[in-house]
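Note that this is a predicted model, so its numbers are computed, not measured. Just so it is clear: chains get the letters A, B, ... in the order the sequence lines come, proteins before strands, and each one is counted from 1.
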Amino acid sequence: MTETFSFNAESLDKVKFELSKYPEDRKQSSVMSLLDIAQRQNGGWLSKSAIEHVASHLEMPYIKVYEIVTFYSMYYTTPVGKYFVQVCTTTPCWLKGSDEVVKACKEIISEKQNELSNDGLFSWMEVECLGACVNAPLVQINDDFYEDLNYENTKNVLQSFIDGNLSPIGSQIGRKGSRAEEYVKS
Amino acid sequence: MAKIKVDGTEIEVRDDMTILQACEEAGREIPRFCYHDRLSIAGNCRMCLVDVEGSPKPVASCAMPVNEGMSIHTNTQKVKKAREGVMEFLLINHPLDCPVCDQGGECDLQDQTVAYGSGKSRFDLNKRSVEEKYMGPLIKTYMTRCIHCTRCIRFSEEVAGVEEIGAVNRGENMEITTYLEKSIDSEMSANVIDLCPVGALTSKPYQFEARPWELKKTETIDVMDAVGSNIRVDTYGWKVKRILPRLNEDINEEWISDKSRYACDGLLNQRLDTPYVRHDGNLNATDWNDALNECLSFMKNHKPDEIAFLVGDFIDLETSYLIKQLSESLNIKKIECRQEGVRLPYSDRSQYLFNSTINGIEESDCILIIGSNVREEAPIINTRIRKHLLNKNIPIGLIGEKFDLTFDYEHLGNDLNILKSISDGENNFCKILDKAKKPMIIIGQSVLSRDDSLNAYSLIEDIVHQYSFLDSSWNGVNTLQLSASRIGALDMGCYQSSRSLKDIYADAENGSLKLLFSFGADEIDYSKFQNTKIIYMGSHGDRGASNSDLILPSAAYTEKDAIYINTEGRLQYAYQASFPPSEAKTDWKIINQISEMLNLNWGFVTLDDVRKKIKNQYPDLFNQVSADRPYKRLLANKASKISFDNKEIGSMIKDFYLTDSISRLSKTMAECSQIRKELRNGKAI
């Protein structure tokens, strides 16, 4: 399979902005931003040609960029779904029932992590703490958090992506910010 | 200078030293894995911990600079315990496979485990295992053994200049690999094998061949290029098992090129082990008596001007001397060692030496390269230029074909007329040369072997005298030779003053040349000698032998004591590591025997006799080399109105891995050459 990647016009604007932050001879400093831009343009993951394109754009050896891609957990080197679900399973989420969230993902998306769903819309993976423990358990879908989940409303959230009328982001039980739970009912 | 105390003893060291270097100065040995004197400091193995008074925790001595008044302890209980802790962590994931590991017996980890390792492991979980990586035909990987010192990464980035090795993933999952497991595209790549402190990167051709303690080690000189790298040849019985670099700060530091290291398997193939004579078109084995009688009758049947002597690439100084003596005794004028076809009428050593010396590269402040792919012609010199460039960002210009030299340079163009514009002061590079105090010029053989080389050389001499290439303490004129024998043969006078190899070709084609005596000359075009009788003396059945009418088998470079003079003019002694196969004889003895049969009365009994004679006749050769050797102008006239019709400069080396009779017969080199071709054609392996 030969796929090619190059920045489109929209990405190039962003690239230009990122490059403007650094002196010309230090443009390699922007490698992480450029990889992110490339990853977004490429549907959430970095292909071989995307990595090489960023490397040549910054005049860096391929291996140096590849090192960065593999070092950081937010760059993906295999295809992900259009909606990429990251389920937090670290202790606070786990205590609050993240196993149920995982179960919902397995049912709706796929049995295994990092595998595209049949319709190609989703993939999911377990991740370490997403840093919103107060509203545990939660998932991150692309750039947004969906919090206060259980088996039922996880399924609803995922279904809403299939149906195309997206659930509101944030708490799924109507909590405002990170207020204590008793305020939700009143 | 800073005054510090190491284990209670006061010592004064340079301010810019690290604690580790200071401790070494004080005679203390600090264990280390990641630190290496010729690489940048990484500080990631933590083995070099020492105790510094006032510091609550042990300090990684390789990365910590010394401070005035520091008091360092290297042998306290605290230090020992800290190192034992580090060792235990390193060994957690290191397999216990020393008995089947090629590094066994010369392994830093093994040695240091003896000093700091615990007798048993407290780790009862599964050890990590890592898949083997492909790094090319020379480097065998066994990545489970890797302790992530990153020496190989730093070497490829800093010394070899090819950023192809890296560490992917992180933490416990970190793995060393090349990008998408491609072969490393470098002439220096196999040095990572020596650098690897464990058995993660080992030598593929030497895999499971021998144990270090059963090998006989001979310290000698490499002949694969004109640099004369210092090597150690390890032999098991007759066979050369491997070749390793030997430290010589003046030449190769501690690196050698892949060809120097791995062409040695060519020593086992296609050896000429007995004399051969051609009868009815076929080469038949014979004995020495027959062969030498045949040789004499060949020579007696022809007049001196119908005979030509060609001196090949591996001929040592003593043999060159005897060849020259033989030619003079027989009044043979056609004697040539410059297989590239150089025509210049050399009159002084300085005209064909690398005068600035290899160490001198690090003093120069500007380098102009003319028609030389230094990376392939002399990888060691290229590495030194790169090192200097990284330390002091000096300007480098190149005239000639554009090569990837692993460093940045200004490509002035592939046009000999640029020489004219520089000598006229019209080129932009002149401004740089004007400012330079110790500029160097490196002249490649691709310029000197041209038919119009006299014109080119006179322009070069103009440039040299116009800028500060020459003064009382600096000689910046450098000719880069390509073969180990060349300087020695030129010094012995094995060349025709105003003719070249091409004239010998012409003689052969018009029939005035009847007999060619080829002393290991394999780089010439034998198709020109269709109607010429050929006597070939050499070690390998390559181009020369297959075209000859008489073969005199001789020793290869690992099989004789010999003197070689490198491109700087540095005279070095090579020592015998193994024996010539079967009937083959040492080169000088063959020629000596011919002289005895001709009743020339040279009176040489031992090699030492020859050496004494050379020393009497050419005492200068035995002097130390230095960059203040005066340059003697070769061409008297100042160049005027020169222009070049055929202005492009080609390249001398078509294939780095296959340049001579030994490397052409080496399986490893053939594989390297094949893989490089595929890499460069974009077909990744």
Chemist: For B:Gln207, I'd like to know if atom CD has over 12 heavy atoms of other residues, nucleotides or ligands within 6.0 Å.
Modeler: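 Counting neighbours around CD of B:Gln207, more than 12 heavy atoms of other residues, nucleotides or ligands fall under 6.0 Å, so yes.
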
Chemist: Mind jotting down which residue pairs meet the ring-ring contact (aromatic ring centres under 6.0 Å, His included) criterion with at least one end in residues 137-170 of chain A? Sequence neighbours excluded, please.
Modeler: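 Found A:Tyr83-A:Phe161, A:Tyr146-A:Phe161.
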
Chemist: Considering residues, nucleotides and ligands other than B:Phe89, do more than 12 of their heavy atoms fall under 6.0 Å from its CZ?
Modeler: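 It does not: B:Phe89 CZ has 12 such atoms or fewer within range.
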
Chemist: Heavy-atom count around B:Asp408 CG within 6.0 Å, excluding the residue itself: above 12?
Modeler: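 Not buried by this count: 12 neighbours or fewer within 6.0 Å.
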
Chemist: Would one find more than 12 heavy atoms of other residues, nucleotides or ligands at under 6.0 Å from atom NZ of B:Lys402?
Modeler: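 At most 12 heavy atoms, drawn from other residues, nucleotides or ligands, come within 6.0 Å of this atom.
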
Chemist: Where along residues 97-110 of chain A does a heavy atom come under 4.5 Å of chain B, listed by residue number?
Modeler: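 The list, in residue order, is empty: none.
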
Chemist: Enumerate by number any residue of residues 142-176 of chain B whose heavy atoms lie under 4.5 Å from heavy atoms of chain A; in the absence of such residues, state 'none'.
Modeler: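 Residues of residues 142-176 of chain B touching chain A at under 4.5 Å: B:Ile153, B:Glu157, B:Glu163, B:Glu164, B:Ile165, B:Gly166, B:Ala167, B:Val168, B:Asn169, B:Arg170.
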
Chemist: Around atom NZ of A:Lys21, are there more than 12 heavy atoms from other residues, nucleotides or ligands closer than 6.0 Å?
Modeler: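 Atom NZ in A:Lys21 is packed in, count exceeds 12.
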
Chemist: With a strict 4.5 Å heavy-atom criterion, list every residue of residues 54-71 of chain A that contacts chain B, or say none.
Modeler: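 Within residues 54-71 of chain A, near chain B: A:Pro61, A:Tyr62, A:Ile63, A:Lys64, A:Tyr66, A:Glu67, A:Thr70, A:Phe71.
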
Chemist: May I ask you to check whether over 12 heavy atoms, not counting those of A:Glu10, lie within 6.0 Å of atom CD?
Modeler: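 No, CD of A:Glu10 has 12 or fewer neighbouring heavy atoms, counting only those of other groups under 6.0 Å.
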
Chemist: What do you reckon, is NZ of B:Lys133 surrounded by more than 12 foreign heavy atoms closer than 6.0 Å?
Modeler: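 Correct, the count exceeds 12.
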
Chemist: Above 12 or not: heavy atoms from other molecules or residues under 6.0 Å from CG of B:Asn126?
Modeler: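 Count not over threshold, so no.
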
